[in-house]
Amino acid sequence: MFPRDFAWGAGTSAYQIEGGWQADGKGPSIWDTFCHEKGGIFGNQNGDVTCNSYELWEKDLECIQQLGLTHYRLSLSWARLLPDGTTRNVNQKGVQYYNRVIDDLLACNVSPMVTLYHFDLPQAIQNLGGWKSPGVATLFDSYSKFCFQTFGDRVKLWITINEPHVCARLGHEVGIHAPGLKEKGTAAYLVGHNMLRAHAMAWHSYNSEYRATQKGAVSLALNSDWFEPLDPLRHEDVASAERDLAFTLGWFAWPVFITGDYPELMRSAIETQSKMMGYSGNWRLPRFLKEDPPILGTADFFALNYYTSRKVKSGGCCGQMLSMKRDLDAEEVLDPSWPISGMSWLAVVPHGLRKLLKYIKDVFNNPTIYITENGFAQVGPLQIEDVERCKFYRSTISEVVKAIEEDGVNVRGYFAWSLMDNFEWADGFSVRFGLFHVDFSGAELSRTIYQSGREYSKIISKYKSAQSGCQGFLDDDY
Ligand code: PNW
């Protein structure tokens, strides 16, 4: 059974839905730049307009109400609020926009969960070196304080940074996300490091300056697949799966929840590969310094984005260059029994979520967990009757129930990704994650509920009525 105050939510992010990329004084972000430099994105598409939520916010609110959500997760565009990234210039139109969104949500009894950073760094800060530059942490802290000060009287759930792993690796090592750097083996670690420093500074600012009056909670959202050994009896496969968890979730979760530093497994793997390539020492994974903000303890809850699972075996790497992939020294494969959603990386493995939740409970000291993203992609011909996605949500939520009831995991909320179809980064509009369909070919960008939206809404109302003591729960079939 779900706790009484369980959060039933859905999520979006600013660049993926807002459009209005130049409206009312917004500054450019690295995603504006990355998309406009043709070549990187499916069909050369971009987020210039996307769902146009900057102008059509009321339509989004109608969707939120139709689903019966208790929570809505959105992100703020840093460059819409602070066009050059600094608090020297505040764009009041941006402040008005988010004030309206937050006030409307609260007026409808929906609590906002607000992400400060979801992939869209102001271009002005990129021009100074972006996340590779240590100074970005101070700029992020000022931006965060500005947001706490401006919106924190009403926002009680904050995410500082969404998926530092994806920003660091896809943006700076693989290069398929903005800013599109392909600096193998070093930049991603440096970026991850500065993101942790930035997150920790913001958490400390909240803790010392805002917590007492605003009484909210702050964390960072970590993405991880569930990794398990291909052959559980092979020592190498078991070690590879552990390494994969350490490099994905552990990279950020160990410093914040357990030790204040990176997992030992990660340090030693990087050192081994460096030495094999003729480099001594362990200079690629930075160390936290005395003057850095303490990282340990800088999360008031655990925010998890879970999409899929992998089987892992040893080896699989690779080339003559240092790289994260080489450091990881593990090969990920799919189990043939797992169905694939629209995207090739997204195997549907609901029970992997249960296992990952149990792992987090055991390894990270039984934290309160919000599942801040989880979803299913549709690719190809449009199906409003998206039966597969309905099944996906039913079975995933039943795995969450098992995690709570049978494994005693402290799960406090579930946010479906995404409220509506939107700009899916490198995949443009070719991939649809929404509970609502958005008609990108029509000028009105009309939103139409998918069958899975109706299904999710039914699940929510069923559990809500069970929580308030009504009978609905008894004929439960989820
Ligand atoms: C997450 N990958 O990002 C994000 O937080 C969302 O903005 C996004 O829409 C969602 O997952 C679905 O993809 C990811 O290529 C983007 O491995 C790309 C990857 C993983 C996560």
Side-chain angles (χ1 to χ4, degrees), residues 10-11 42 163 166 170 176 223-232 237 240-241 244-245 248-249 304-313 316 330-360 371-403 406-407 411 414-422 424-437 449-460 476-478:
F42 174 88
E163 300 190 345
V166 169
L170 297 190
I176 58 169
N223 61 291
S224 187
D225 300 349
W226 170 245
F227 299 105
E228 58 189 29
L230 181 63
D231 178 352
D237 291 4
S240 299
D244 225 338
L245 277 164
T248 310
L249 192 62
L304 172 71
N305 295 355
Y306 169 81
Y307 284 93
T308 190
S309 294
R310 292 285 183 270
K311 299 268 180 181
V312 189
K313 58 180 185 171
E331 190 178 348
E332 297 171 3
V333 293
L334 293 173
D335 185 311
S337 73
W338 295 338
I340 299 290
S341 87
M343 301 161 92
S344 60
W345 63 267
L346 218 172
V348 179
V349 199
H351 68 264
L353 175 57
R354 177 180 174 187
K355 291 187 181 170
L356 186 56
L357 289 170
K358 174 77 164 56
Y359 173 86
I360 291 170
I371 299 160
T372 36
E373 283 181 31
N374 174 251
F376 179 102
Q378 198 181 95
V379 181
L382 171 64
Q383 286 172 282
I384 289 286
E385 314 283 297
D386 52 346
V387 182
E388 288 305 312
R389 184 154 43 194
C390 292
K391 262 202 313 213
F392 165 84
Y393 277 116
R394 275 201 303 265
S395 52
T396 305
I397 290 166
S398 77
E399 293 295 328
V400 178
V401 173
K402 288 184 218 160
E406 294 173 36
D407 305 335
V411 185
Y414 175 87
F415 289 73
W417 185 271
S418 170
L419 178 66
M420 60 192 162
D421 293 339
N422 56 49
E424 177 49 35
W425 309 115
D427 291 305
F429 298 101
S430 66
V431 169
R432 297 172 174 276
F433 270 97
L435 294 165
F436 282 77
H437 169 258
I449 194 162
Y450 284 106
Q451 194 177 322
S452 57
R454 295 188 198 283
E455 189 71 33
Y456 186 44
S457 163
K458 266 201 263 172
I459 297 174
I460 296 175
D476 178 44
D477 51 0
Y478 301 121

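Any value given below was found using the heavy atoms of this structure, including those in side chains, with hydrogens, waters and symmetry copies removed. Every value quoted in this text rests on a predicted model; they were computed, and no experiment measured them.
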Please step through side chain to side chain contact (heavy atoms under 4.5 Å, CB included) for the pair Asp231 and Lys313, ending with a clear verdict. CA-CA 8 Å; Asp231 178 352; Lys313 58 180 185 171; over 6 Å; no
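- Judged as a side chain to side chain donor-acceptor pair (under 3.5 Å), and not counting sequence neighbours, the contacts of Ser337 are Asp335.
- Every side chain to side chain donor-acceptor pair (under 3.5 Å) that Glu163 has, sequence neighbours left out, goes to Asn305.
- No donor-acceptor distance shorter than 3.5 angstrom exists from the side chain of Ser341 to the backbone of Val348, with no hydrogens or angles considered.
- Separation of atoms CZ (Arg310) and CH2 (Trp338) is listed at 7.5 Å; rounding is to 0.5 Å.
- Between the CD atom in Gln451 and the CD1 atom in Ile449 there is a gap of 10.0 Å [rounded to 0.5 Å].
- Remark: Asp427 pairs with no residue by the salt bridge (Lys or Arg N to Asp or Glu O under 4.0 Å) rule, at least two apart or across chains.
- Atom OH of Tyr307 and atom CG of Leu353 lie 12.0 Å apart (nearest 0.5 Å).
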Side chain to side chain contact (heavy atoms under 4.5 Å, CB included) assessment of Glu373 paired with Asn223: CA-CA 9 Å; Glu373 283 181 31; Asn223 61 291; over 6 Å; no
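- Applying the salt bridge (Lys or Arg N to Asp or Glu O under 4.0 Å) criterion to Asp421, with sequence neighbours excluded, gives Arg432.
- Taking the side chain to side chain donor-acceptor pair (under 3.5 Å) definition, one finds that Ser224 meets it with nothing, sequence neighbours left out.
- Atom CZ of residue Phe433 and atom CG of residue Leu419 lie 14.5 Å apart, to the nearest 0.5 angstrom.
- Taken from CD1 in Ile176 to CG in Leu170, the straight-line distance is 4.5 Å, to the nearest 0.5 Å.
- Legend: side-chain hydrogen bond (donor to acceptor under 3.5 Å, both in side chains) pairs involving residues 377-387, not counting sequence neighbours, sorted by first then second residue: Asp386-Arg389, Asp386-Ser452.
- Legend: residues meeting side chain to side chain contact (heavy atoms under 4.5 Å, CB included) with Lys358, ordered by chain and number and at least two apart, are Asp362, Asp407.
- Contact of the Tyr306 side chain with the Val349 side chain is registered, since non-hydrogen atoms from C-beta on lie closer than 4.5 Å.
- Leu245 CG to Ile360 CD1: the interatomic distance, rounded to the nearest 0.5 Å, is 9.5 Å.
- Scanning both residues, Gly434 and Tyr450, for their nearest heavy atoms gives O-CD1, 3.2 Å.
- For Asn374 and Tyr414, the side-chain atoms include at least one donor-acceptor pair closer than 3.5 Å.
- Judged by distance alone, the side chain of Thr372 and the main-chain N or O of Leu304 form a donor-acceptor pair under 3.5 Å.
- A side-chain donor-acceptor contact under 3.5 Å links Ser418 to the backbone of Gly11.
- Listed by chain and residue number, Pro350, His351, Arg354, Lys402 satisfy the side chain to side chain contact (heavy atoms under 4.5 Å, CB included) test with Glu399 (two or more places apart in sequence, or in another chain).
- Partners of Tyr359 under the ring-ring contact (aromatic ring centres under 6.0 Å, His included) rule, at least two apart in sequence or in another chain, are Trp226.
- Minimum interatomic distance between Ser309 and Leu334 (heavy atoms only, all atoms of both residues): O-CD2, 4.2 Å.
- A ring-ring contact (aromatic ring centres under 6.0 Å, His included) check over residues 372-401, counting only residues at least two apart or in different chains, returns the pairs Phe376-Phe392, Tyr393-Tyr456.
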If you apply the rule side chain to side chain contact (heavy atoms under 4.5 Å, CB included), what do you find for Asp244 with Asp225, and how did you get there? CA-CA 9 Å; Asp244 225 338; Asp225 300 349; over 6 Å; no
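- Remark: Lys311 engages Glu228 in a side chain to side chain donor-acceptor pair (under 3.5 Å) (not counting sequence neighbours).
- Contact detail for Ala10 and Leu435: the closest heavy-atom pair is CB-CD1, 4.3 Å.
- Taking the side chain to side chain contact (heavy atoms under 4.5 Å, CB included) definition, one finds that Ser457 meets it with Leu67, sequence neighbours left out.
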